[in-house]
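Below is one structure, written out as structure tokens, with a few remarks after it.
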2 protein chains.
Amino acid sequence: MIEERVQEWLGRLQACGCRLTGPRYILVEILARADRALNPQELHAIASQRYPSLGLVSVYRTLERLESLHLIQRVHQPDKCQAYIAAFDGHQHLLLCSQCGRVRFFDGDELGGLVRRVEQESGYRVEDHWLQLFGLCDQCQALQGNEVVLYE
Amino acid sequence: MIEERVQEWLGRLQACGCRLTGPRYILVEILARADRALNPQELHAIASQRYPSLGLVSVYRTLERLESLHLIQRVHQPDKCQAYIAAFDGHQHLLLCSQCGRVRFFDGDELGGLVRRVEQESGYRVEDHWLQLFGLCDQCQALQGNEVVLYE
DNA sequence: GCTTATAATGAAAAAGATTTTCAATAGTAA
DNA sequence: TTACTATTGAAAATCTTTTTCATTATAAGC
Ligand SMILES: [Mn+2]
Ligand SMILES: [Mn+2]
Ligand SMILES: [Zn+2]
Ligand SMILES: [Zn+2]
């Protein structure tokens, strides 16, 4: 299933005239597999292990390309706002572990009533919303904050 | 009411041993009056009109001080994440005009049921949430996007 | 008021993050 | 293989934020 995602992303890249290069294989594979948001530096550090000559600038360029294809999306957190994770189709919200950074998507917010009430009270016309939940994932609850298991 | 806020902030600054200086008066006044989030550059540009010798570094320092006193809070937006607005007491959410940037607070989300459902499905323990609504304020609706009225 | 201690200031330098430039390289189609 | 050109990484440039430091100015004590 993750492998399919990797193949799909590579296909989407090729479909829009992009070439499949070493740096892109690595970066796509890491991003498509990641269960937490990675910023350019983290991504570069991880990818460099398998592709030592990788330049940070290629990481920036690949992130930009993948984001413009809506394959990844930016994740805002209190302390970092420049991290990316595989994007979900459709309208979804994020659930983030504030300990290890693990991210999950969920859907089905029940904001209709709230939005109508706020529109009435404020006079604004609401067109979009951000909803993110923060908490502890099951693993981090079990560890009780003693250790943190990070990616790789 | 806004004047009271200015006085309160100045009092809070003094109460914790800070000195009341020219740069601080100006910055507090602008931030306490602003109805949209301002980033360091914008704030510096506005404040410089009244205090030309103001250094950008004092803007950063004042923002840090006011934030640590919980008098202002950071506002995240799709394109800028380093802007600040007067903080609200208690748990509140933001409503932002995506045209002019005007910000309002609202309370009373109805997320209890959703949070419980997501906790069940995910195994996460949810501890906090971010909810922001984006839309068009009444003024920007009236202008139909022809003009944008910005601060000062 | 005058003196004094020291918090605050702005210029400059440093550090970090991101973007641009450019010559060399390598993927792709013919 | 060849030719075209997208992509690469190094280096430079640009922006943003933080640190350093000598100078200034607030506020407390007299
Ligand atoms: Mn953000
Ligand atoms: Mn809430
Ligand atoms: Zn976790
Ligand atoms: Zn507006």
Side-chain angles (χ1 to χ4, degrees), chain A residues 7 9-31 37-69 71-72 74-84, chain B residues 7 9-31 37-69 71-72 74-84:
Chain A
Q7 291 311 314
W9 289 16
L10 295 173
R12 291 279 294 279
L13 281 169
Q14 259 189 328
C16 66
C18 297
R19 293 176 180 175
L20 299 187
T21 67
R24 280 182 183 158
Y25 273 116
I26 306 287
L27 293 170
V28 161
E29 204 162 292
I30 293 169
L31 284 164
L38 300 170
N39 66 28
Q41 282 72 26
E42 292 168 326
L43 189 51
H44 180 250
I46 296 168
S48 293
Q49 295 174 5
R50 286 167 56 195
Y51 197 100
S53 68
L54 181 72
L56 180 57
V57 68
S58 291
V59 174
Y60 278 99
R61 289 190 278 228
T62 301
L63 286 171
E64 188 179 14
R65 187 64 58 97
L66 293 173
E67 189 184 29
S68 77
L69 292 173
L71 297 174
I72 59 174
R74 196 167 151 195
V75 175
H76 296 258
Q77 288 175 266
D79 50 318
K80 71 175 178 184
C81 294
Q82 200 64 285
Y84 292 85
Chain B
Q7 292 310 314
W9 288 19
L10 294 174
R12 292 279 295 280
L13 281 169
Q14 262 190 325
C16 67
C18 297
R19 293 177 180 174
L20 298 188
T21 66
R24 279 183 185 158
Y25 273 115
I26 305 287
L27 293 171
V28 161
E29 204 162 291
I30 292 168
L31 283 164
L38 300 170
N39 66 27
Q41 283 73 25
E42 292 168 326
L43 189 51
H44 180 251
I46 296 167
S48 292
Q49 296 175 3
R50 286 169 55 195
Y51 196 101
S53 68
L54 180 73
L56 179 57
V57 68
S58 290
V59 174
Y60 277 98
R61 288 190 278 229
T62 300
L63 286 172
E64 189 180 13
R65 186 65 57 95
L66 293 173
E67 189 184 28
S68 77
L69 292 172
L71 298 174
I72 58 173
R74 195 167 151 195
V75 175
H76 296 258
Q77 287 175 267
D79 50 319
K80 70 175 178 184
C81 294
Q82 199 65 286
Y84 292 85

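Note on naming: letters A, B, ... go to the chains in the order of the sequence lines (proteins, then strands), and numbering restarts at 1 for each one.
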**Item:** Residues that B/Arg12 engages under salt bridge (charged side-chain N to carboxylate O under 4.0 Å, His left out), provided they are two or more places apart
**Value:** B/Glu8
**Request:** Using the test side-chain hydrogen bond (donor to acceptor under 3.5 Å, both in side chains), find all partners of A/Glu42 that sit at least two apart in sequence or belong to another chain.
**Result:** A/Lys80
**Prompt:** side-chain hydrogen bond (donor to acceptor under 3.5 Å, both in side chains) with B/Arg61: which residues, sequence neighbours excluded?
**Reply:**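 B/Arg61 satisfies side-chain hydrogen bond (donor to acceptor under 3.5 Å, both in side chains) with no residue once adjacent residues are dropped.
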According to side chain to side chain contact (heavy atoms under 4.5 Å, CB included), who are the partners of [X], at least two apart in sequence or on a separate chain?
X       : answer
A/Tyr51 : A/Pro23, A/Ile26, A/Ser53, A/Leu54
A/Arg65 : A/Leu13, A/Cys18, A/Arg24, A/Ser68
B/Glu67 : B/Ile72, B/Arg74, B/Tyr84
A/Glu64 : none

**Request:** Only counting residues at least two apart or in another chain, list the ones meeting ring pair (Phe, Tyr, Trp, His ring centres under 6.0 Å) with A/His76.
**Result:** A/Trp130
**Contact state string [nucleotides 16-29 of chain D, B base, S sugar-phosphate only, - no protein heavy atom under 4.0 Å]** = SSBBB----BBS--
**Item:** Pairwise distance CG(A/Leu10) to OH(A/Tyr25) - rounded to 0.5 angstrom
**Value:** 6.0 Å
**Prompt:** Got a second to check how far A/Thr62's OG1 is from A/Leu43's CG, nearest 0.5 Å?
**Reply:**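 CG of A/Leu43 is found 8.0 Å from OG1 of A/Thr62.
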**Request:** For DNA chain C, note the earliest and the latest nucleotide, 5' to 3', having some atom under 4.0 Å of a heavy atom belonging to chain A.
**Result:** C/dA17 to C/dT28
**Prompt:** How sharply is the helix from C/dG1-D/dC30 to C/dA30-D/dT1 bent, taking the axes over five pairs at either end and rounding to 10 degrees?
**Reply:** 40°
